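The next block holds one structure in the form of structure tokens; read it before the comments.
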Amino acid sequence: MENIVAIYNRLSEEDRDKLSKEDESRSIQNQKSMLITYAMNQGWDIYNIYSDDDYRGSDRSRPAFNQLLKDAEARKFNIVLCKSQARFTRELEMVEKIIHGQFIEWGIRFVGYADNADTANKGNKKSRQINGLVNEWYLEDLSDNIKTVLTDHRKKGMHIGSFALYGYMKDPEQKGHLIIDPEAAVVVQEVFSLYASGMGRTAIARLLNDRGIPNPTEYKRQKGLRYKGTTKKYGTLWKYFAITDMLSNEMYIGNMVQGKYENRSYKSKHSKPVPRERWIIVQGTHDPIISRELWDKVQQRMKERSKPMCNGQLGTFAGKVRCMYCGYTMASCKSREYHYLKCTSMHYSNSSCRGAFIAQRFLERAVLLELNNIIGKYFDETSAEARITLSRNIESKRKELQKECNIYQSKISDLKKAIQNMYIDKARGIISEVEYFEFKASFNDDIVVYQNRIDEAKQQLLLIEQQLQCNRSKKDILEEYRNIQKLDRSIMDKLVDYIEVGRCENKQHKNDLPPIVIHWKF
């Protein structure tokens with residue numbers, strides 16, 4: 001095959017310069033021009049130019065990136081040209097998997113123009129791996145720094161979300177502050193009042209739907225406000241879970257509640273729930289929609305409405321299982337000595353739910369199977385080796401940061417001694433007073449810089465300790481439930497946030513299971 005090249009461009013986080021979202025960035029244009037010229041000078045034929053604009057180097061869902069991989073597997077070209085390895089990916093795992101794995105298997109040469117990465121040159125594989133490791137550290141440090149800033153804003157009571165809670169709007173005059181949306185606030189007040197007066201959550205949802213009141217997602221869409229998800233996913237009708245979430249959200253009494261979910265890692269977009277004791281709650285940050293008296297009344301009634309089993313205890317899955325199609329909490333029923341869970345929303349008007357259904361014994365079997373699989377993978381030899389390697393890397397980074405702190409602290413001590421010595425020199429007439437103050441000001445500026453670096457390093461040390469503690473907590477939890485054979489309510493409360501269940505279509509066997517998605521807390 002002749003030398004046929006695919007050019008890949010990506011706009012990095014640090015060099016966005018677009019005039020609008022529709023404009024292709026000048027950075028992309030510059031990359032294209034440079035790489036086209038390089039390819040022509042090498043005598044390579046250009047198969048296609050792939051460009052991803054506004055995507056991070058750790059984002060594996062980049063459309064052009066994934067199309068390039070498909071075309072590479074189909075052997076449509078034999079060279080991939082990028083400005084640098086970091087433009088292709090910043091993850092060491094992807095460097096090894098794709099550049100040093102799949103590309104080699106497919107007979108494709110990878111070339112990074114700016115950093116001299118070239119798989120045709122066997123001698124620079126180690127440098128490519130080092131570049132991958134450096135890029136990995138860059139992503140991790142960037143993620144840690146962003147988390148630190150966001151946590152600080154949360155602790156100050158600033159709203160940092162992209163979307164304001166239904167009933168509120170972002171204050172155009174003050175960043176991070178919420179103001180009441182009068183139209184939506186009326187609906188919120190009515191929901192709380194109806195529930196406090198004795199109406200059930202399903203009945204409230206049905207009442208709002210019958211009156212044509214749009215649910216929060218549809219309301220924001222109609223008003224041209226930013227909102228999470230799509231109306232295609234969430235529909236335009238009020239659902240049981242939306243009423244439940246509203247009635248239990250203390251944002252409505254003026255308290256800022258944030259940090260309820262966190263990403264599993266900087267590489268993942270998937271979030272996991274955070275235990276309530278770790279939520280960041282700041283009281284009195286904005287005007288309340290609901291009075292404290294009404295709030296307390298609603299919370300008491302919700303507590304009383306929790307349905308225990310006949311032995312006075314909550315059932316294993318009570319309140320934990322939701323319909324995959326409409327989000328309603330599935331109800332328990334019994335037939336021929338067996339317990340089942342089913343969605344009852346399909347019996348209500350305006351419902352298009354397909355009706356999720358599962359036997360509790362089958363659901364328990366599925367949860368146990370997935371839990372034991374997770375625990376097994378975590379403790380197998382390969383995973384153990386990976387955890388040991390990760391712990392060593394973290395420990396190495398901690399020592400490096402501690403060493404950095406000590407170096408800068410030593411420099412600060414030297415500068416302070418230098419200032420003292422200069423004062424003596426000034427008193428002896430060795431240097432003039434003007435020179436003394438000039439040197440002192442310069443040294444004090446250096447001290448401030450070094451102290452800032454110490455503070456940054458200490459903040460990273462704190463984050464590392466938190467990460468280690470999180471890893472230890474996960475290990476302790478999984479160790480506790482190793483080889484578990486039966487579920488109970490305490491296990492569900494500790495390990496499971498909620499479970500989504502669908503309906504089994506085209507059932508071939510009586511033991512066939514419907515779709516099940518388990519949202520774990522760890």
Side-chain angles (χ1 to χ4, degrees), residues 147 149-197 199 201 204-205 208 213-223 225-229 234 238-263 271-303 305 319 322 327 329 497-498 519 521:
K147 284 181 180 178
V149 173
L150 295 182
T151 299
D152 181 64
H153 287 346
R154 289 188 180 112
K155 289 180 177 179
K156 291 178 179 177
M158 297 176 62
H159 180 266
I160 62 169
S162 302
F163 320 98
L165 177 68
Y166 179 75
Y168 288 98
M169 300 183 294
K170 290 187 175 183
D171 188 345
E173 304 295 329
Q174 182 180 347
K175 186 176 181 180
H177 184 247
L178 297 178
I179 56 176
I180 293 175
D181 178 351
E183 185 177 347
V186 171
V187 178
V188 175
Q189 291 168 341
E190 183 177 16
V191 168
F192 274 82
S193 298
L194 289 172
Y195 188 80
S197 66
M199 184 177 285
R201 283 165 276 190
I204 294 173
L208 296 177
I213 296 175
N215 69 6
T217 302
E218 176 63 11
Y219 172 81
K220 291 181 179 181
R221 188 193 68 79
Q222 291 179 6
K223 296 294 182 180
L225 303 172
R226 296 189 67 185
Y227 58 92
K228 185 177 181 180
Y234 294 101
W238 287 88
K239 309 272 179 73
Y240 175 92
F241 72 89
I243 302 297
T244 300
D245 289 345
M246 179 182 289
L247 293 173
S248 59
N249 195 332
E250 62 180 283
M251 292 273 286
Y252 290 118
I253 57 173
N255 298 339
M256 187 65 69
V257 182
Q258 299 181 105
K260 296 168 70 173
Y261 290 85
E262 65 182 8
N263 285 342
S271 59
K272 64 176 181 179
V274 172
R276 183 178 176 84
E277 58 269 19
R278 287 176 50 204
W279 294 2
I280 300 176
I281 303 176
V282 182
Q283 298 186 355
T285 59
H286 51 275
D287 292 334
I289 294 176
I290 303 303
S291 69
R292 187 74 200 201
E293 181 182 2
L294 179 56
W295 168 264
D296 290 340
K297 187 175 182 179
V298 165
Q299 302 315 301
Q300 182 61 32
R301 183 163 186 262
M302 289 180 72
K303 185 177 179 180
R305 293 276 292 179
R322 300 178 185 177
T329 299
D497 186 30
Y498 65 94
H519 298 263
K521 286 186 176 180

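Since the model is a prediction, treat every value here as computed from it, not as a measurement. This chain uses plain numbering: 1 for the first residue, then up along the sequence. All values below were derived from every heavy atom in this structure, side-chain atoms included, with hydrogens, water molecules and symmetry-related copies excluded.
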[atom1]-[atom2] distance between [X] and [Y], expressed to the nearest 0.5 angstrom:
X      : Y      : atom1 : atom2 : result
Leu194 : Leu208 : CG    : CG    : 7.5 Å
Ile179 : Gln174 : CD1   : CD    : 10.0 Å
Ser291 : Lys297 : OG    : NZ    : 10.0 Å
Thr285 : Met158 : OG1   : CE    : 11.0 Å

Would you say the side chain of [Y] lies within less than 4.5 Å of the side chain of [X], judging by non-hydrogen atoms?
X      : Y      : result
His286 : Asp171 : no
Tyr168 : Ile289 : yes
Tyr252 : Leu165 : yes
Met302 : Arg201 : yes
Ile160 : Arg154 : yes
Met256 : Met251 : yes
Met246 : Phe192 : yes
Gln300 : Asp296 : no

Query - Lys170 side chain vs Gly161 backbone, donor-acceptor pair below 3.5 Å - result: yes

Query raised in the report: Is there a donor in the side chain of Asp181 and an acceptor in the side chain of Tyr219, or the other way round, less than 3.5 Å apart?
Result: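 On atom types as modelled, these side chains qualify, holding a pair under 3.5 Å.
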
Query - The single option from Lys155, Lys156, His153, Lys260 passing side-chain contact (heavy atoms from CB on, under 4.5 Å) against Ile280 - result: Lys155

[X] versus [Y], closest heavy-atom pair with distance:
X      : Y      : result
Trp238 : Val187 : CZ2-CG1, 4.0 Å
Gly167 : Val188 : CA-CG2, 4.3 Å
Ile180 : Ala185 : CG2-CB, 3.6 Å
Leu247 : Gln299 : O-NE2, 2.7 Å
Gly284 : Asn255 : N-OD1, 3.2 Å
Ala164 : Leu178 : CB-CD2, 4.1 Å

Report task. Test side-chain contact (heavy atoms from CB on, under 4.5 Å) on Ile290 and Val298 and set out the steps. Result -> CA-CA 11 Å; Ile290 303 303; Val298 165; over 6 Å; no

**Report entry** Gln222 CD: over 12 foreign heavy atoms closer than 6.0 Å
**Finding:**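 Correct, the count exceeds 12.
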
